[in-house]
Each structure stands twice: as C-alpha cells, then as structure tokens.
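All values reported here derive from a predicted model rather than from experimental measurement. Here is the naming used below: chain letters follow the sequence lines, and residue numbers restart at 1 for every chain.
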Number of protein chains: 2
Amino acid sequence: MKDTSDIPVVEEWNCPMPDIAKLIGGKWKLIILQILIFQGTKRFNELRKMIDGVTQTMLTQQLRALERDGLVHRKVYPEVPPRVEYTATQRALNLTDVFEAMHDWWVKDND
Amino acid sequence: MKDTSDIPVVEEWNCPMPDIAKLIGGKWKLIILQILIFQGTKRFNELRKMIDGVTQTMLTQQLRALERDGLVHRKVYPEVPPRVEYTATQRALNLTDVFEAMHDWWVKDND
DNA sequence: GTATATAGTATTGTTTTTCATACTAATGTG
DNA sequence: CACATTAGTATGAAAAACAATACTATATAC
C-alpha cells in the first residue's frame with residue numbers, strides 16, 4: 001500500500017460494494033443462498049448433495065458465516081442422528097431481486 | 001416436515017452462480033465496474049485514486065481480467081507519459097440492474 | 001455386537017489471492 | 001543533467017481461501 005500513499009483518496013461516495021462482497025462473496029455463498037431462497041429450507045446433507053464439489057468443512061463454515069450475518073437461520077433438532085435445518089431469513093429473501101437481475105444478465109448473452 | 005409455504009419458490013434454473021462469480025467476484029471487480037458503469041470512462045490512475053486500498057499490481061490484474069471477459073474496454077494512447085483509458089462495455093452496462101438491486105437491498109436494512 | 005445414519009470438529013496441507021517493493025520507458029521541464 | 005510523470009512488469013512474501021482426512025456422538029436396525 002506504500003505505492004498509493006502519495007495519492008489522495010477521493011472519499012466522496014460511500015461504496016457499499018466491499019461490504020456486500022463480504023456478505024455474499026466467495027465461492028459458495030451465492031450458491032447456498034440461491035438454493036435456500038428459491039427452494040426453501042434444506043437440511044445440511046441435502047445442501048451438501050446439491051452443491052457440487054463442496055466439502056463438509058467448507059459447507060459448515062459458509063453456513064456459519066451466513067448465519068452470523070443474518071442471512072440464514074439454523075435450527076437444530078435434538079435427535080440422533082442429528083438433524084439441522086437451514087432456512088433463508090427475510091434479509092436473504094430480499095436478495096431475490098439481485099439474483100433475478102444476475103440471472104437475467106447471464107441469460108442475455110449466454111443463451 | 002417444516003412448512004416452507006411462506007417462501008417464494010420462483011423458478012428453478014440451472015445455477016450460473018459459479019460462473020457469474022468468476023466474472024464479477026473477488027474483492028475489486030464490483031468496485032471497478034461500479035465506477036466505470038456509473039461514472040464513465042476513467043484513466044488508470046483515476047481508478048487507483050478512487051479505489052481505497054488497491055495496489056497498482058492488483059488494479060492492473062483485475063482490469064486485465066475484466067477486459068478478457070469482455071466487461072471493460074482498454075484504450076491505450078501512444079503517448080509519453082502513458083495514457084490508458086478504461087470504459088465499461090455494453091455487457092458491463094447491462095449489469096446496471098444488478099448493481100441497483102444490490103444497492104436497494106443494502107439500503108433496505110442499513111439505512 | 002456390528003453397521004449405518006447425520007452433522008458436525010480438529011488438524012494439516014495445498015492452492016489461490018493479495019501485498020510490498022523495486023524496476024522500466026520516453027518525454028517535458030528547470 | 002536531474003527529475004517528475006504514467007501505466008505498467010517482475011519478484012518474492014504473506015495472508016486468505018479452500019481441500020483432504022480422520023475423528024466424534026448415539027439411537028436404531030439387523
């Protein structure tokens with residue numbers, strides 16, 4: 001960052017993109033959210049089967065991050081074997097327009 | 001089984017999210033694109049000043065990736081000192097709805 | 001008693017991203 | 001000549017993301 005220290009930072013608008021990227025960025029979160037938003041509540045292993053290539057560790061980690069950020073609700077049933085259900089919160093459901101805009105954009109020059 | 005009838009099941013599509021994430025994911029691309037889309041053509045150093053914390057190397061790299069993916073047009077003027085202008089392509093301009101949806105979502109529970 | 005099922009955790013290793021620093025070219029200005 | 005200017009490259013190091021494997025608990029079915 002030394003090589004930009006001589007350049008004054010223009011701070012005229014508050015760009016939320018870095019914050020948004022923290023919430024829904026990365027390799028898995030968009031995929032997880034899309035499933036929970038458009039297909040409803042899923043159990044852990046259901047998600048694991050639906051998401052190609054994800055490891056158990058990674059899925060757990062991403063779900064915990066989404067839960068921490070209020071995008072996913074986690075419900076544990078005290079049973080054996082364990083049952084845990086994941087549901088999109090209202091905040092996540094509000095992302096529907098974003099997903100649809102992305103989809104439309106993708107379709108526009110890929111179909 | 002959990003009742004999920006309150007969740008809007010819109011439409012089931014073939015998940016393009018991993019591909020979309022490759023194009024506009026990461027720490028910098030959304031920021032760069034937003035500037036070029038909403039504020040028009042910028043020179044390299046203008047972008048550098050506007051994007052807080054980005055290094056020269058990183059900015060070059062991200063711009064090259066965006067160019068390769070047809071989201072940014074790069075115009076080099078054969079002058080010394082160098083002048084290079086970056087412009088959002090039509091494909092990038094088509095992302096306007098995505099950005100607006102993201103912005104609206106962000107505003108909804110952060111303002 | 002053995003196997004199976006589920007949703008994890010712990011640990012270690014690899015791969016990908018990101019950062020810091022030094023360097024370049026060719027011209028105009030003092 | 002010395003120096004600033006712009007948009008880069010090259011290189012190595014550090015940090016973050018991601019992956020692979022082994023391990024756990026316990027009720028139920030066989």
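Residues Gly26(A) and Val80(A) both approach DNA chain D. Their nearest nucleotides, taken by heavy-atom distance, put Gly26(A) toward the 5′ side. Of the two residues contacting DNA chain D, namely Met58(A) and Pro81(A), the nearest-nucleotide position lying further toward the 5' end is that of Met58(A).
A straight line from CG of Asn45(A) to C1' of dA5(C) spans 9 Å, rounded to a whole angstrom. Between the CD atom of Glu79(A) and the C1' atom of dA25(D) there is a distance of 15 Å, given to the nearest Å. Put simply, CZ on Arg83(B) is 15 Å from P on dG28(C), counting in whole angstrom units. Protein atom CD of Gln61(B) is 15 Å distant from nucleotide atom C1' of dA7(D), rounded to whole Å. Taking atom NZ of Lys22(A) as the reference point, atom P of dA17(D) lies 11 Å away to the nearest angstrom. The nearest whole Å value for the distance from the CZ atom in Arg43(B) to the P atom in dT5(D) is 13 Å. Residue Leu59(A) contributes atom CG, which lies 14 Å from atom C1' of dT9(C) at whole-angstrom precision. What separates CD of Gln62(A) from P of dA16(D) is a distance of 15 Å, to the nearest Å.
When the side-chain nitrogen and oxygen atoms of Lys42(A) are compared with OP1 and OP2 of dA7(C), none of them lie within a distance under 4.0 Å. For the OP1/OP2 pair of dA19(D) and a distance below 4.0 Å, the side-chain nitrogens and oxygens of Lys27(A) include at least one atom meeting the criterion.
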Taking N or O atoms only and anything under 3.5 Å, show me the protein contacts with nucleotides 8-13 of chain D, one pair per line.
| from | atom 1 | to | atom 2 | distance (Å) |
| --- | --- | --- | --- | --- |
| dG8(D) | OP1 | Arg64(B) | NH2 | 2.6 |
| dG8(D) | OP1 | Arg74(B) | NE | 3.4 |
| dG8(D) | OP1 | Arg74(B) | NH2 | 2.4 |
| dG8(D) | OP2 | Tyr86(B) | OH | 2.6 |
| dG8(D) | N7 | Gln56(B) | OE1 | 3.0 |
| dG8(D) | N7 | Gln56(B) | NE2 | 2.6 |
| dG8(D) | O6 | Gln56(B) | OE1 | 3.2 |
| dT9(D) | OP1 | Arg64(B) | NH1 | 2.5 |
| dA10(D) | N6 | Thr57(B) | OG1 | 3.4 |

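Hydrophobic cluster membership differs between Val107(B) and Leu95(A), with clusters built from Ile, Leu, Val, Met, Phe, Trp and Tyr side chains linked at under 4.5 angstrom. The hydrophobic clustering, which links ILVMFWY residues whose side-chain heavy atoms are closer than 4.5 Å, places Met102(A) and Leu93(B) together.
Using modelled atom types, one finds a donor on one side chain and an acceptor on the other under 3.5 Å when comparing Asn45(A) with Arg48(A).
Taking OG1 of Thr55(A) as the reference point, atom CD of Gln61(A) lies at 8.5 Å (rounded to 0.5 Å).
In this structure, the side chain of Arg74(A) does not engage the main chain of Leu63(A) through any donor-acceptor pair within 3.5 Å. Side-chain atoms of Trp105(B) never come within 3.5 Å of backbone atoms of Ala92(A) as a donor-acceptor pair (strictly under, hydrogens ignored).
Ring geometry for Phe44(B) versus Tyr86(B): interplanar angle of 30 to 60°, hence tilted.
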